[in-house]
Amino acid sequence: MADVRVRFAPSPTGYLHIGGVRTALFNWLWARKTGGKFVLRIEDTDQERSTPESKAIILESLRWLGLTWDEGPEAGGDHGPYVQTERLAIYKQFAERLIADGKAYRCTCSKEELDAAREALKARDPKANFRYPGTCRDKSHAADSRHVVRFKVPTEGAVTYVDKVFGEVRTPNGAQQDFVLLRTDGVPLYNFGAVVDDTTMGITLVARGRDHMVNTPPQILIYEALGAPVPEFAHLPMMLAPSGEKLSKRHGAVSVTEYREKGYTPEGVLNYLVRFGWSCGDREIFSMAELIEAFTWETCGRGDGKFDAKKFLAVNHEHMKQESLQTAQTYAERSKPFLLARGLVLPASDDMLVAALKTVRDRSRTFLEAAEGADFYFRAEPVIDEAAALKFLVPAVADKLTAFANALTGASAWDEKTLEAAVHAWLEAENLHIKEVAQAARVALTGRSASPGLFEVLAVLGRDVSLARLERGRERAAAGSVS
RNA sequence: GGCCCCAUCGUCUAGCGGUUAGGACGCUGGCCUCUCACGCCGGUAACGCGGGUUCGAGUCCCGCUGGGGUCACCA
């Protein structure tokens, strides 16, 4: 088998959609698994909607996800340029060849008259199927006439191909019309541009969403007319909104950018998306290396699925929790931007940062949640939840807070184990239960009624800060609810 | 409407002729426990319908129904 060359060819018309990410991921996995090349191509022939900003966002998003490309914009390669509007001469050359070979022809029918005919037919019969009538099919318009180039679809026969996911698909040529290859201004339409690029870039397998399945027969017709080898095709089932419609902004976050901002991990995003239309027995959570190892087209499903934000969060949570998926150092490092975004001042030493984040790890489903959960570690004074203070920092607990602090002061060392032992000794001596002081201490130390374990917090906060916060809590408790 | 595709718990899915139809998310009962989580144990819930083929169909075939994609000088 020739070396695998796959590609991802987004249009720079907006953010990178998570459906696009999945397509990119499957291609990337295949390239990495087979040792082939992953090519990135920008399909910007829709000059109305394409923008350089969008292209930059897409590149940046792919980089964040770690879906690195071997050839393409900013990476170079021997098959460039990798931006379609820079390849116009190539399309023209291929189109001329098809015209010379009688496989395509110049058509001078204007868009206006065709649109009018289409609408007229629709007015007569709403269910009618409008197709280009073939007006120019057997004419030979001059090259300098104002024209588009149309493909001459064979009247007989059918296109058959074996999809790597769906199996054999057969479409009669009679179902197709003479579609446009090149616009009046010489810019190619999707099917033509894609085929010319895929063939000149040596793409061996085209994997894309099922919404493109309908483009495959005309594309194969073009390959054949060109006498070019037809690549393999693999279509992926669609990712739909919970309602069953096409997934769009109306259904919540659909751009990678949003998930990045919400603090999802790239691996979590990818892991959720890969399990959409692909499975490996009962396994749910994979590292990237494991995915590359396990991925195959044969184990891809065929049924469309519905996007589930809760499951997405849960999958991301797994990637947040497991140290086998990311080290404590990586975890802390990745949390930094979210901590900084809250205006927090981070400690000079990474040790405290790592230790602090470690205590919120299990309870954080995203880095945004981790930053929220660890917030109190990085402020001079914790932000007090008034409802919690009102409920727990009451006069009756003031003395216990003092005793609690004294027990801590008496500990032989300021670490989790030692502090816990010291406090338990005190509790036992006084015949108290930790419940009688825990919530008050928690509010004093963290400002909230829910936090990591008390002794973990004390250890990370350190002796001075802990005692100062407990004292302030005691003062407030003694003063009662009037604060 | 034409062409194409699909069909297992609410959702993502395992299953590739013989299973008590499994896992995950969600929901839920309990355990653990200084709070919230995590973790652990348990529960809830599915083969769209009708014909075949077969000793035997979630698994194979046909029809129906349902759903989706696409019908541009968008991609």
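Quick note on labels: first sequence line is chain A, next is B, and so on, each numbered from 1.
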For atom P, what is the distance between B:G66 and B:G50, given to the nearest Å?
-> 16 Å

Given the P atoms of B:C60 and B:A72, what is the spacing between them in whole Å?
-> 36 Å

Within residues 124-134 of chain A, the residues having a heavy atom closer than 4.0 Å to RNA chain B are A:Lys127, A:Asn129

Going by number, which of residues 241-252 of chain A have a non-hydrogen atom under 4.0 Å from RNA chain B?
-> A:Gly244, A:Lys246

Please evaluate the base of B:A75 for a donor-acceptor partner in the side chain of A:Asn215 within a cut-off of under 3.5 Å?
-> yes

Taking the six-membered ring for Trp, are A:Tyr272 and A:Phe307 parallel (under 30°), tilted (30 to 60°) or perpendicular (over 60°)?
-> perpendicular

Give the rounded distance in Å between these two atoms: CG of A:Leu181 and C1' of B:A72.
-> 14 Å

State whether A:Arg183 places a side-chain N or O below 4.0 Å from either non-bridging phosphate oxygen (OP1 or OP2) of B:C74.
-> yes

When you check the phosphate oxygens OP1 and OP2 of B:C71, does a side-chain N or O of A:Arg118 lie under 4.0 Å from one of them?
-> no

Give every donor-acceptor pair under 3.5 Å between a side-chain atom in residues 168-177 of chain A and any protein atom, sequence neighbours left out.
from, atom 1, to, atom 2, distance (Å)
A:Arg170, NH1, A:Thr160, OG1, 3.3
A:Asn173, ND2, A:Glu156, O, 2.8
A:Gln177, OE1, A:Tyr132, N, 2.6

Identify each atom pair where a protein N or O and an N or O of nucleotides 8-15 of chain B are less than 3.5 Å apart, giving names and distance.
from, atom 1, to, atom 2, distance (Å)
B:C12, OP1, A:Lys306, N, 2.7
B:C12, O2', A:Arg275, O, 3.0
B:U13, OP1, A:Gly277, N, 2.6
B:U13, O3', A:Ser279, OG, 3.2
B:A14, OP1, A:Ser279, OG, 2.8

Protein-to-nucleotide contact annotation, 5' to 3' order, nucleotides 29-48 of chain B [B base; S sugar-phosphate only; - none; under 4.0 Å, heavy atom] = -----BBBBSS---------

Pairwise side chain to side chain donor-acceptor pair (under 3.5 Å) hits with a residue in residues 11-24 of chain A, at least two apart = none

So, A:Lys262 and A:Glu369, do they make that salt bridge, N to O below 4.0 Å?
-> no

